[in-house]
Amino acid sequence: MKQNFNKKVWIQAAIDVEDIDLAKKIAFMALDAGAEWLEVGTPLLYTYGHTVIGSLRKAVGSNAILVADYKCPFAVLCAPQAARQGADYVMLTAGYTDSWVKGSLDCAKAVGITPILDVEIRPEDISWRIAQYRAMGAEHIFSHHYSRYADPQGSAQPIDNMPALRSVEGITLGITSDNLEEARSAVRLGADWITFGWVLRDPKPEVCRHWINTIRAAREGV
């Protein structure tokens, strides 16, 4: 199952815990609240290995897009695992050489899974660097360290980087934020999907639903 990219802004719930039973509880809670994507988080993957993807896929069936967040540059290792276990996307780090990034993108596509590049880019380099990744074949960019790299001193609004992130054509752009106001602003400025996860570590259905409903309301106004 793959996302219909004609749909306005989708919501990804990051399952960043180290307990499989808790992970399943979070998954069902997030889906019930309206999340469309589930992230098999790095803590979960490194605790249980790649078979945890299959466990979550079996639990939720075809009701969600699964993103395996390996944060790994070695697509030759993690991409085939993620594909075999039923993930739709694999998150790869872009923090290596250009030739390595290009090879990782090609490898993932070759084994039948769609790669997402997790990027860390200085604000002044955003536009040209994302254009380079697009030229390498990247179609999905995820600014995982979006807030932290926008302004290390915390004096500027990190959302100010959105126009530069959005300036390259031909990509879908994901943003992670557990700040609702920032997430709503990202939706208005062109993010294709929003990820949140911190509040899910202590799963409270009413908190999860409030977060998702707030983003859904923002996307309806886009």
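Residue indices begin at 1 and follow the sequence shown. As a basis for the values below, the full set of heavy atoms in this structure was taken, side chains included, without hydrogen atoms, waters or symmetry mates.
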- Task: Using atom types as modelled and distance alone, determine if a side-chain donor or acceptor of W100 lies under 3.5 Å from a backbone N or O of P73.
- Result: yes
- Message: Can you confirm whether more than 12 heavy atoms, excluding those of F74, are under 6.0 Å from its CZ atom?
- Response: yes
- Message: Checking side-chain contact (heavy atoms from CB on, under 4.5 Å) between L44 and each of I53, I26, V52, which is the one that passes?
- Response: V52
- Is the backbone of W198 close enough, under 3.5 Å, to the side chain of D16 for a donor and an acceptor to pair up by distance? no
- Message: If you apply the rule salt bridge (Lys or Arg N to Asp or Glu O under 4.0 Å), what do you find for E36 with R219, and how did you get there?
- Response: CA-CA 14 Å; E36 295 95 357; R219 77 184 182 189; 3.0 Å; yes
- Query: Do D88 and R57 sit within salt-bridge range, that is, some charged N less than 4.0 Å from a carboxylate O?
  - Reply: yes
- So which heavy atom on L105 is nearest to which on G137, and how close? CD1-C, 4.1 Å
- Item | Inter-residue atom distance Y89.OH - L66.CG, 0.5 Å rounding | 11.5 Å
- Query: Distance from R134 atom CZ to E169 atom CD, nearest 0.5 Å?
  - Reply: 10.0 Å
- Q81 and Y70: side chain donor to acceptor below 3.5 Å: yes
- Query: Do the ring planes of W193 and H140 sit parallel (below 30°), tilted (30 to 60°) or perpendicular (above 60°)?
  - Reply: perpendicular
- Evaluate the side-chain proximity of V17 to P43: yes if any heavy-atom separation is below 4.5 Å, no if none is. no
- Item | Nearest heavy-atom neighbours spanning D178 and G197 | OD1-N, 2.9 Å
- Item | Separation between CD of Q132 and CG of D98, rounded to the nearest 0.5 Å | 5.5 Å
- Message: Tell me the closest heavy-atom pair linking S177 and A183, and the distance in Å.
- Response: OG-N, 4.0 Å
- Message: Side chains of T93 and K71: any donor to acceptor distance under 3.5 Å?
- Response: no
- Min side-chain heavy-atom separation F142-L117 under 4.5 Å: no
- Query: With distance as the sole test, does Q85 use its side chain to make a donor-acceptor pair with the main-chain N or O of G54 at under 3.5 Å?
  - Reply: yes
- Message: Using modelled atom types and a 3.5 Å cut-off, is there a donor and acceptor pairing between side-chain atoms of T42 and backbone atoms of D69?
- Response: yes
- Item | K102 with D106: basic N within carboxylate O range, under 4.0 Å | yes
- Query: Would you say K109 has more than 12 foreign heavy atoms packed within less than 6.0 Å of its NZ?
  - Reply: yes
- Rounded to the nearest 0.5 Å, what's the gap from CZ on R201 to CD1 on I15? Could you check? 12.0 Å
- Message: Between E206 and R209 (salt bridge meaning N to carboxylate O under 4.0 Å), is one present in this structure?
- Response: no
- Query: Can you check whether E139 reaches T172 side chain to side chain, under 4.5 Å on heavy atoms?
  - Reply: no
- Note on the structure: Between A108 and P115, the two heavy atoms sitting closest are CB-CB, 3.8 Å
- Item | S167 and I130, any side-chain heavy atoms less than 4.5 Å apart | no
- Message: Looking at K24 and D19, is any side-chain nitrogen of the basic one under 4.0 Å from a carboxylate oxygen of the acidic one?
- Response: no
- Query: Is the shortest heavy-atom distance from the side chain of V90 to the side chain of C78 under 4.5 Å?
  - Reply: yes
- Message: Tell me the closest heavy-atom pair linking A131 and V168, and the distance in Å.
- Response: N-CG2, 3.7 Å
- List the steps and the verdict of side-chain contact (heavy atoms from CB on, under 4.5 Å) for L200 and C208. CA-CA 7 Å; L200 298 176; C208 179; 3.7 Å; yes
- Distance, nearest 0.5 Å, that separates CD1 of I215 from CH2 of W10: 14.0 Å
- Message: Main chain of G174, side chain of D192: is a donor-acceptor contact present, judged purely on distance under 3.5 Å?
- Response: no
- Message: So that I can tick it off, tell me whether E182 and R188 are bridged by a salt bridge, with the cut-off set at under 4.0 angstrom between side-chain N and carboxylate O.
- Response: no
- Message: Contact between Q12 and V67 at the side-chain level, heavy atoms closer than 4.5 Å - yes or no?
- Response: yes
- Message: Using a 3.5 Å distance criterion without hydrogens, assess whether the side chain of N63 forms a donor-acceptor pair with backbone atoms of V60.
- Response: yes
- Should V187 and I194 count as side-chain neighbours, where that means a heavy-atom distance under 4.5 Å? yes
- Note on the structure: Heavy-atom closest pair (G34 atom, R216 atom, distance to 0.1 Å) is CA-NH1, 3.8 Å
- Mind checking whether F196 and W211 have parallel, tilted or perpendicular rings, split at 30° and 60°? parallel
- Task: Would you sort out whether L92 and I116 count as a side-chain contact (heavy atoms from CB on, under 4.5 Å), showing the intermediate values?
- Result: CA-CA 6 Å; L92 304 170; I116 299 172; over 6 Å; no
- Message: Under the criterion ring pair (Phe, Tyr, Trp, His ring centres under 6.0 Å), I'd like the reasoning laid out for Y133 against W128: C-alpha separation, chi angles, the key distance, then a yes or no.
- Response: CA-CA 9 Å; Y133 290 141; W128 71 267; 8.9 Å; no
- How long is the span from the CD1 atom in I11 to the OG1 atom in T195, to the nearest 0.5 Å? 10.0 Å
- Query: For G190, does its backbone N or O pair with a side-chain atom of R166 as donor and acceptor, under 3.5 Å?
  - Reply: yes
- Query: Are any non-hydrogen side-chain atoms of D202 and V207 less than 4.5 angstrom apart?
  - Reply: no
